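Notes for the one structure printed next.
No experiment lies behind these values; they were computed from the predicted model shown. Lettering follows sequence order; numbering is per chain, from 1.
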Protein chains: 2
Amino acid sequence: MSPTNAPAGAVRQGSLRELNLALVLGRIAAADRPPSRADLATATGLTRATVSAVVEDLLAGQLVDEADPAPRAGAGRPARGLVLADQGPAGLGLEINVDYLAVCVVDLAGQVRHRTVHRADLRPVAPTEALARLVAMAGQARADAARQGLTLAGAALAVPGLVDGAGLVRLAPNLGWHDVPVPALLAGHPPLTEQVPGVPALVVDNEANLAALGELHSRPPGPASFLHISGEVGIGAGIVLNGALFRGVRGWSGEIGHLPVHPQGRPCRCGGQGCLEQYAGQEAIVAAAGLARAELPADTATARLAELAEAGDAGALRALHDAGTALGVAVAGVVNLLDLDTVVLGGGYAPLAPWLCPPVLAEIAGRVLTAAWSPVTVRPATLGAEAAAVGAAGSVVRQIVARPAGWLARSG
Amino acid sequence: MSPTNAPAGAVRQGSLRELNLALVLGRIAAADRPPSRADLATATGLTRATVSAVVEDLLAGQLVDEADPAPRAGAGRPARGLVLADQGPAGLGLEINVDYLAVCVVDLAGQVRHRTVHRADLRPVAPTEALARLVAMAGQARADAARQGLTLAGAALAVPGLVDGAGLVRLAPNLGWHDVPVPALLAGHPPLTEQVPGVPALVVDNEANLAALGELHSRPPGPASFLHISGEVGIGAGIVLNGALFRGVRGWSGEIGHLPVHPQGRPCRCGGQGCLEQYAGQEAIVAAAGLARAELPADTATARLAELAEAGDAGALRALHDAGTALGVAVAGVVNLLDLDTVVLGGGYAPLAPWLCPPVLAEIAGRVLTAAWSPVTVRPATLGAEAAAVGAAGSVVRQIVARPAGWLARSG
DNA sequence: CACTATTTGTTCAACGATTGAATTATTTGC
DNA sequence: GCAAATAATTCAATCGTTGAACAAATAGTG
């Protein structure tokens with residue numbers, strides 16, 4: 001691709017070490033087997049001397065550990081493998097959703113080291129109260145992390161709504177939130193994490209964005225481009241391009257639920273007509289399947305739908321087929337526009353993927369010009385429930401791996 | 001690419017200078033007034049000593065020139081302004097389209113220093129012959145560039161079709177091209193440009209992509225995200241995200257013409273139904289306006305349409321309104337998905353923009369959730385005809401500005 | 001068991017680029 | 001004519017990488 005990297009900033013002496021710290025640590029994170037210093041030297045193009053010096057810094061900063069050497073055939077001094085440290089920095093992930101609060105801690109290697117979920121209907125709960133509960137859960141998570149030798153270096157909060165760059169939740173319709181300034185509301189509470197240079201104390205982001213990041217994290221590392229669709233009451237999408245989340249000019253990308261699929265069709269609460277949400281949103285599917293509307297909790301409605309489809313219920317099957325077709329029309333447009341090779345069905349769509357994938361694939365095959373040469377994969381998400389919380393925590397450790405100098409420069 | 005087979009990412013001593021060369025040159029290119037060395041030092045964060053050393057390299061390499069100092073109030077030794085050199089490297093832009101061949105030369109500052117257009121119907125012409133004509137035109141361009149003290153450092157070719165990463169034109173339906181290996185066909189001809197490390201000899205890309213790059217180049221520099229729509233017989237789009245063209249996983253992004261706007265609507269030659277092209281493509285508009293189909297040359301058909309609309313012809317106005325509405329449905333989807341703040345109407349749409357913009361804006365207002373907070377601008381392209389050729393040439397000089405070390409490392 | 005080949009990791013002088021302070025250059029204002 | 005002010009260069013010091021030499025540790029071989 002075109003290397004049009006915008007002038008980021010001055011490159012001074014120290015930047016050199018910063019960049020090589022990130023380079024080496026990134027290789028260790030991306031490797032499937034613990035690499036030796038010599039492996040890293042050949043992989044990065046640096047000399048072994050430099051790699052040794054860099055690794056020494058990483059070891060001292062508790063970012064990597066030496067592991068048992070991978071057995072190797074042939075002569076020679078045995079290598080000492082390097083792995084991401086299982087004690088050291090970790091990320092705190094928070095999630096507020098319609099019917100649960102979730103908190104988790106993810107370590108450098110991407111392992112979930114702590115997880116708490118409180119199920120409760122959050123719609124009648126005021127934002128202040130919801131955040132207070134979350135802070136309490138986060139405090140326990142921090143203590144548990146400390147017990148395991150982990151230091152929380154930053155936090156990210158997933159919210160099912162539109163969030164601007166400053167953490168202001170503009171609109172979270174299904175929560176009933178409107179212009180909630182999350183950072184200001186948290187100012188009264190003690191800090192959730194340590195302060196680490198270069199790592200923001202709290203990032204607030206859209207649930208769909210963070211779930212997509214979680215999916216990115218669970219894949220083999222490297223530049224990936226895919227669309228992650230979270231099918232909840234609303235339909236949101238996280239767009240990962242070349243291994244990075246694309247947030248849009250204002251941070252409001254991914255509103256796939258309001259892609260027009262029948263421009264003169266059903267009116268939508270967004271003011272438009274024929275939005276995807278009206279045909280493939282959870283309420284639409286449930287209604288089309290003839291399920292009682294009383295089954296409000298999203299989980300049970302989805303589960304019931306999957307049960308019925310499994311049992312061969314004609315109404316459920318037809319509802320899922322129609323929803324999948326509408327979804328496929330939208331996805332085909334996105335693939336035509338962005339030339340993605342993978343579409344991930346997450347959130348409430350994941351358990352319904354066996355019935356949604358075929359019609360989606362059919363629409364892609366019929367509508368995408370380039371599908372013949374570069375096939376498009378449609379698959380369910382690998383992360384299960386609370387994917388956004390895991391993705392949120394993962395986004396923190398991802399930042400540390402991408403810029404370890406900040407962590408190393410901290411006082412401790 | 002570059003002869004140094006060092007794995008990408010290794011940051012060695014020399015990289016430091018490479019990065020700072022790019023940093024300083026980028027600032028000079030982005031400045032609206034010729035900056036002094038001292039200005040650059042404060043802007044980049046480097047010391048004046050370093051900036052002086054870097055600028056010395058740039059001056060020696062004919063990338064920048066010293067200009068008359070900008071008059072400044074107050075005491076002190078007058079600054080010496082730095083501007084991009086008007087002699088030195090330049091980019092060669094080539095374009096093959098349905099009814100013309102175009103060649104142009106763009107210098108570092110983005111000025112078009114040479115331009116040739118040969119009008120002819122290229123559909124009955126074999127690819128080999130078309131390329132041969134282009135090579136002849138390029139030869140003259142090179143000579144003219146040399147007369148002006150310019151050295152062609154690389155070339156880019158715009159084609160109205162799908163191009164893969166290796167320069168193979170998979171499909172150019174309106175030219176009748178199918179699997180045309182452009183680099184192989186050019187192998188027999190003498191090289192179009194000098195060989196410069198780090199600058200590919202010839203890039204073949206989609207016309208819409210390169211036209212979008214041209215538009216990016218003509219804007220105030222900096223990270224921009226916009227959608228550039230080229231309305232020709234087909235409808236293509238170039239997607240610029242954060243100042244870089246997004247090409248997609250396989251390089252086939254931007255097929256906006258096949259976004260479904262009426263999923264059960266008119267059949268499209270792509271195999272799908274209700275594609276945008278069937279409602280907002282040039283042929284569709286012309287047919288809806290009741291114009292004789294015989295007016296084949298695209299330019300005249302568009303011009304005639306604009307004339308009729310100007311004169312208040314009801315049929316033309318209705319046709320344009322309907323096309324704009326269809327376009328608006330597609331654009332609303334894209335904006336919902338990507339959160340772009342600007343949509344540029346280029347190609348055949350540019351002269352029709354006065355009539356297309358209102359319905360497009362109306363659809364955006366009605367369908368985009370976030371439009372209330374972040375307004376979306378819809379405007380005609382600033383570059384006129386042969387925008388793709390200019391964009392192609394501009395993409396070459398852009399690469400040199402982004403990575404000047406390659407140019408400086410050349411033999412000369 | 002000694003010896004060689006082989007691979008890993010470290011040590012160290014040299015080198016290259018940036019830095020910061022001092023110095024030179026050039027103009028305005030008094 | 002002189003001081004103040006700003007621009008640009010010079011130069012020793014510093015920091016990180018380099019390349020080669022060296023030490024460490026193991027398998028294979030006789």
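Scored by the salt bridge (Lys or Arg N to Asp or Glu O under 4.0 Å) test, R37(A) finds E66(A) as partners (sequence neighbours excluded). Annotation: side chain to side chain contact (heavy atoms under 4.5 Å, CB included) contacts of V199(A) (sequence neighbours excluded): V196(A), V396(A), Q399(A), I400(A). For D144(B), the salt bridge (Lys or Arg N to Asp or Glu O under 4.0 Å) test picks out R147(B), with sequence neighbours left out. Applying the side-chain hydrogen bond (donor to acceptor under 3.5 Å, both in side chains) rule to D107(A) yields the partners R113(A); only residues at least two apart in sequence or on another chain are considered. Take R247(A) and apply the salt bridge (Lys or Arg N to Asp or Glu O under 4.0 Å) test, not counting sequence neighbours, and it matches D205(A). Taking the salt bridge (Lys or Arg N to Asp or Glu O under 4.0 Å) definition, one finds that E194(B) meets it with R142(B), sequence neighbours left out.
For dT18(C), the OP1/OP2 oxygens have a side-chain nitrogen or oxygen of N20(B) closer than 4.0 Å. Considering only side-chain N and O atoms, T50(B) lies nowhere under 4.0 angstrom from the phosphate OP1 or OP2 of dT18(C).
Taking 4.0 Å as the cutoff to heavy atoms of chain A, we find the contact window on DNA chain D bounded by dC15(D) to dA27(D).
Among residues at least two apart or in separate chains, salt bridge (charged side-chain N to carboxylate O under 4.0 Å, His left out) pairs with a member in residues 14-23 of chain A are R17(A)-D57(A).
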Passes side chain to side chain contact (heavy atoms under 4.5 Å, CB included), Q148(A) versus Q87(A)? Steps please.
CA-CA 7 Å; Q148(A) 300 183 59; Q87(A) 304 208 354; over 6 Å; no
Which letters describe nucleotides 2-13 of chain C, given B = protein heavy atom under 4.0 Å from base, S = only from sugar-phosphate, - = neither?
----BBBBBB--
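Nucleotide dT18(C) holds its P atom 17 Å from the CZ atom of R17(A), rounded to whole Å.
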